[in-house]
2 protein chains.
Amino acid sequence: MSNTQKEAGTASTKATPQRSANLPLDTILQGECTEVMRGLPDASVDMIFADPPYNLQLKDQLQRPDNSQVDGVDDAWDKFDNFASYDSFTREWLAQAQRILKNTGTLWVIGTYHNIFRVGTAMQDHGFWLLNDIIWRKTNPMPNFRGTRFTNAHETLIWAAKSADQRKYTFNYNALKAMNDDLQMRSDWLIPICSGKERLKKNGKKAHATQKPEALLYRILMAASKPGDVILDPFFGSGTTGAVSKKLGRHFVGIERDEGYIAVARERIAATERLDEEALGYTISKRQAPRVPFGQLVEAGLIKTGATLYDSRRRHTARVRSDGTLVSRDMTGSIHQIGAHVQGAPACNGWTFWHVENRGDLVPLDRLREEIRAISHA
Amino acid sequence: MSNTQKEAGTASTKATPQRSANLPLDTILQGECTEVMRGLPDASVDMIFADPPYNLQLKDQLQRPDNSQVDGVDDAWDKFDNFASYDSFTREWLAQAQRILKNTGTLWVIGTYHNIFRVGTAMQDHGFWLLNDIIWRKTNPMPNFRGTRFTNAHETLIWAAKSADQRKYTFNYNALKAMNDDLQMRSDWLIPICSGKERLKKNGKKAHATQKPEALLYRILMAASKPGDVILDPFFGSGTTGAVSKKLGRHFVGIERDEGYIAVARERIAATERLDEEALGYTISKRQAPRVPFGQLVEAGLIKTGATLYDSRRRHTARVRSDGTLVSRDMTGSIHQIGAHVQGAPACNGWTFWHVENRGDLVPLDRLREEIRAISHA
DNA sequence: TGACTTCGTGAATCCAGAG
DNA sequence: CCTCTGGATTCACGAAGTC
């Protein structure tokens, strides 16, 4: 720690931020969000979760960029002025977020209709590439007491990659699918609001007005980060991001202005335990598994040269050559090429298309590949 | 019809728009959205539903795992050079929409993450007052075929009043509550996509790439318009807004550029029938229902002078005086005032707070009021 | 007829690595 | 930049065909 950012609880000095060479892990930095972010190194964090102010009472929370006070003028101008200052605030922290994020990293922002449209627009303008907007559906929202509107029963999250050409972001597709009864996870998530024992209290009152449920952060971290990753939360608040990061074996970096919230968050995180390795395990996708060429199955003797392969309905056949290529009636090539060829399809995954016969049953090549992987892993 | 806008099928002339004195009801005006809107009078429509282009930025053809092609939106009307040109397009039609809308009217816009943030920002900048964002959750969305993102399973609607000081907009709270098993309607709506018989075909192919389900428009019109109201749809497309407006006894004004879509929509609307009065009847909002003073219940004998009232947990009591005021230990006043007083609350709805005892059970005053209304209505 | 299977399709910013 | 290739990847619903 060598600059204006300071670890929670230590004294602070106001000075020009100097960029530190590396990140202080699993700590809370006290200070203004944008200012502290300026001190963090380029391309250093794997994921950012941001829960910025929702712009509900802007005058109390924000000032113009030049720190001047917003005057009481007529409503329309006043409103425009508020939006403008909120926008500049948003664009400043987004610019820092984009700089700090690794190329493979993604940004999550949560908000409501008061602010989320402005945040989304700013993200697009900065070149973030939107991947999804996610709807957090609340099982137990506060009703609309006056009967003047619909129950505001959701909040919106925006999930974005660093830029349009960054397509290699972290997304644990299969883990999320597993969490959803083996169906692709959708963009609408049903999660209760934070209440009961999870809700942090201080002197009998809620410690933070907008504490997010851990289940929400759990799903986000499971989806878009890996164990050991560094998660930045520039609006740390009561520390939900830190607590869930610790639970899931991720590192966190929190930024928070309010010393009171920091104290609450530190205590909370200290009381949180990392889940054990078994609980941390998650479904990895085939994409992450080591590549196994088909020829290796022939080499290993799992498939014999000259063996006949069939598709699942025995409508097509091909024979295996010693170099791991296939031959059909009029063509030779890879398992994929021949699979595509016999079907007249533009492409084909030979691993799932072709089968070998075993005591009358057809076994897909994919299963033999799994055996190879299990052996070489052991 | 006296200006550049023209009814569907008639000849058109390009000329400077002159504003017409009144609206051509239940017709489709052919032309560019903003240009045609310039010809419509100020403060003349009760509700606007807008389904603008989403500005999707699709690159290559997408194939399903079975190698079939996805028939994506590649229409010219969805092509914009960049965000700036989409924004100026948006701001132009929004400005007209705001001018044309009655003070009591509301605007609905639908979109996805590709465009909705820009639309929402522009609406706020124009002074529209956002009332809710509504999530249309699709029961049967298209999956993400590549396993690269979450299933994009929803679209977002923004519902807004004309300006922050327009609070007397139309909202049929009770009708919506009745549609939702007597629970307050939430901001997330589960509705299937438009398919099957409802989906309009032309030469065996879908007539419009983005036809909206009638159930969606049904709920919107039930919520935010009254029979006889005028509904404007500046992006009329296949005419879902027109068809549902006719069904529900509303008038529509459609604007559409494409003659082919107009032909489809006209035929569709001609084949649509207005629902009968019984089906049309909906719960009258309590705020619109005739006001029933508490004293009227006393007058009617439903509550006896001197009777004791209780809150639902019998923690507080008050006694009824003959003039319809209540008396607690140290104060007299209306049911609302005394309800607030005994709780130490700033305000209280006495109709739901206070109960009378009936054979040991507590019955809220609200239920007795409903009886009065039923009697006086008959 | 009925149960069962197959096929088509929907507002979609939808691949990664080697050479 | 490019091209080429391996190979990973889908849910709900309606219509039509099959047994």
Side-chain angles (χ1 to χ4, degrees), chain A residues 104 124 128-133 159-161 163-169 171 173-174 177 180-187 285-289 291-295 313 324 333-340 346-354 365-366 369, chain B residues 51-75 77-80 83 86 110-116 136 138-156 192-199 201 204-206 208-213 235 237:
Chain A
T104 54
Q124 289 181 311
F128 281 102
W129 192 242
L130 305 196
L131 298 169
N132 279 113
D133 55 338
W159 180 43
S163 66
D165 52 339
Q166 283 303 336
R167 292 190 293 193
K168 282 190 62 185
Y169 51 88
F171 179 48
Y173 174 79
N174 290 77
K177 189 173 175 178
N180 194 39
D181 278 341
D182 248 12
L183 287 179
Q184 205 172 75
M185 185 68 81
R186 297 168 41 116
S187 56
S285 73
K286 286 183 180 173
R287 283 194 187 107
Q288 296 166 275
R291 180 169 157 347
V292 175
F294 177 65
R313 298 191 199 169
S334 72
I335 54 174
H336 315 295
Q337 288 168 334
I338 300 302
C348 168
N349 182 349
W351 290 107
T352 51
F353 180 76
W354 292 113
L365 296 186
D366 202 31
R369 180 171 60 166
Chain B
D51 182 11
Y54 288 4
N55 191 23
L56 302 183
Q57 295 162 53
L58 308 177
K59 289 176 190 140
D60 304 316
Q61 277 292 320
L62 178 62
Q63 296 190 130
R64 297 188 176 83
D66 64 3
N67 289 322
S68 67
Q69 292 275 333
V70 173
D71 182 15
V73 176
D74 56 355
D75 304 79
W77 49 254
D78 197 44
K79 299 272 192 288
F80 292 85
F83 284 135
Y86 186 79
I110 187 169
T112 60
Y113 66 88
H114 309 85
N115 72 322
I116 199 66
W136 166 28
K138 303 179 183 183
T139 56
N140 47 350
M142 189 188 299
N144 179 289
F145 296 115
R146 281 322 205 38
T148 55
R149 304 181 177 194
F150 298 96
T151 309
N152 195 3
H154 73 275
E155 298 194 15
T156 301
I193 62 174
C194 180
S195 66
K197 281 168 61 182
E198 188 186 326
R199 187 89 196 198
K201 305 278 177 156
K205 296 167 69 176
K206 54 188 175 190
H208 192 282
T210 68
Q211 185 181 344
K212 295 292 175 289
F235 305 94

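Computed from a predicted structure; not experimentally measured. Each chain gets a letter, A, B and so on, in the order its sequence line appears, and its residues count up from 1.
Annotation: the span from B:Glu198 atom CD to B:Lys212 atom NZ amounts to 12.0 Å, rounded to 0.5 Å. Considering CG of A:Leu131 and CZ of A:Phe171, their distance stands at 9.0 Å, rounded to 0.5 Å. The distance from the CG atom of B:Leu56 to the OG1 atom of B:Thr210 is 9.5 Å, given to the nearest 0.5 Å. To the nearest 0.5 angstrom, A:Met185 atom CE is 9.5 Å from B:Thr151 atom OG1.
Separating the CD atom of B:Gln211 from the P atom of C:dA11 is a distance of 9 Å, rounded to the nearest angstrom. Distance CD (B:Gln63) to C1' (C:dG8): 16 Å, rounded to an integer number of Å. Atom CD in B:Gln61 sits about 13 Å away from atom P in C:dG10, given to the nearest Å. Straight-line distance from the CD1 atom of B:Ile110 to the P atom of C:dA11: 10 Å, rounded to whole Å. Atoms NE2 (B:His114) and P (C:dA12) sit 9 Å apart, rounded to a whole Å. Rounded to whole Å, atom P of C:dA11 lies 17 Å from atom CG of A:Asn132. When the C1' atom of C:dG10 is taken as reference, atom CZ of B:Arg199 falls 7 Å away, rounded to whole Å. Atom NE2 in B:His208 sits about 13 Å away from atom P in C:dG10, given to the nearest Å.
Nucleic acid contact for A:Ala347: base, since at least one base atom lies under 4.0 Å from a heavy atom of the residue. Contact annotation for A:Ser334: backbone-only contact, meaning every heavy-atom pair under 4.0 Å involves sugar-phosphate atoms and none involves a base. The residue A:Asn174 sits close only to the backbone: its heavy atoms come under 4.0 Å of sugar-phosphate atoms, none of a base. At a threshold of 4.0 angstrom between heavy atoms, the contacts of B:Asp78 include nucleobase atoms, whether or not backbone atoms are also involved. Among the atoms of the strands shown, none is found under 4.0 Å from any heavy atom of A:Pro293. A:Leu130 comes within contact range of at least one nucleobase, with a heavy-atom separation under 4.0 Å. Nucleic acid contact for B:Leu56: base, since at least one base atom lies under 4.0 Å from a heavy atom of the residue. Using a 4.0 Å heavy-atom distance criterion, B:Asn152 is classed as a sugar-phosphate-only contact. Nucleic acid contact class of B:Lys205 (heavy atoms, under 4.0 Å, all strands): none. Residue contacts shown for B:Pro52 include a base, since a base heavy atom lies under 4.0 Å away. Residue contacts for B:Cys194: at a heavy-atom cut-off of 4.0 Å it reaches no nucleic acid atom on any strand shown. Across all strands, B:Trp136 comes closer than 4.0 Å to no nucleic acid atom at all (heavy-atom distances).
Inter-residue side-chain proximity for B:Arg64 and B:Val70 is flagged as met; some heavy-atom pair is nearer than 4.5 Å. Within the 4.5 Å cutoff, the side chain of A:Asn174 has no heavy atoms near those of the A:Arg287 side chain. Two residues are said to be in side-chain contact when any heavy atoms from C-beta on lie closer than 4.5 Å; B:Ser68 and B:Phe145 fail this criterion.
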Seminar exercise, completed: Secondary structure of DNA chain D per the Watson-Crick/G-U criterion (both distances under 3.5 Å; [ ] crossing, | other strand, . unpaired) is .|||||....|||||||||
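Between A:Trp129 and A:Tyr169, the distance from one ring center to the other does not fall under 6.0 angstrom.
Using bins of under 30°, 30° to 60° and over 60° for the plane-to-plane angle, the ring pair A:Trp351/A:Phe294 lands in the perpendicular bin.
Side-chain atoms of A:Arg186 do not come within 3.5 Å of backbone N or O of B:Phe150 as any donor-acceptor pair. Side chain of B:Glu155 to backbone of B:Ile110: no donor-acceptor contact under 3.5 angstrom is found.
In the displayed structure, A:Lys168 atom NZ is contacted under 6.0 Å by at most 12 heavy atoms of other residues, nucleotides or ligands.
Taking a heavy-atom distance under 4.0 Å as the criterion, the stretch of DNA chain D touched by chain A extends 5' to 3' from D:dG6 to D:dA12.
For B:Arg64 and B:Phe83, each mapped to the nucleotide of DNA chain C holding its nearest heavy atom, the one lying further toward the 5' end belongs to B:Arg64. With DNA chain D read from its 5' end, the first of the two nearest nucleotides for A:Arg186 and A:Thr352 is the one closest to A:Thr352. Along DNA chain C, the nucleotide nearest to A:Arg313 and the one nearest to B:Lys201 differ in position, and the one closer to the 5' end is contacted by A:Arg313.
Across D:dC19 and C:dT1, the matching C1' atoms stand 12 Å from one another, rounded to whole Å. The C1' atoms of C:dG8 and D:dT10 are separated by 13 Å, rounded to the nearest whole Å. Taking the P atoms as reference points, D:dA12 lies 23 Å from C:dC14, given to the whole Å. Separating the P atom of D:dA8 from that of C:dA18 is a span of 15 Å, rounded to the nearest Å.
Checking C:dT9, C:dA11, C:dA12 against the side-chain heavy atoms of B:Thr210 singles out C:dA11 as nearest.
Judged purely by distance below 3.5 Å, without hydrogens or angles, the side chains of B:His114 and B:Thr112 pair a donor atom with an acceptor atom.
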Seminar exercise, completed: Contact string for nucleotides 14-19 of chain C, one letter per nucleotide 5' to 3', B = base within protein heavy-atom range under 4.0 Å, S = sugar-phosphate only, - = neither, reads BBSS--
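Salt bridge annotation for B:Lys206-B:Asp71: present, with a cationic side-chain nitrogen under 4.0 angstrom from a carboxylate oxygen.
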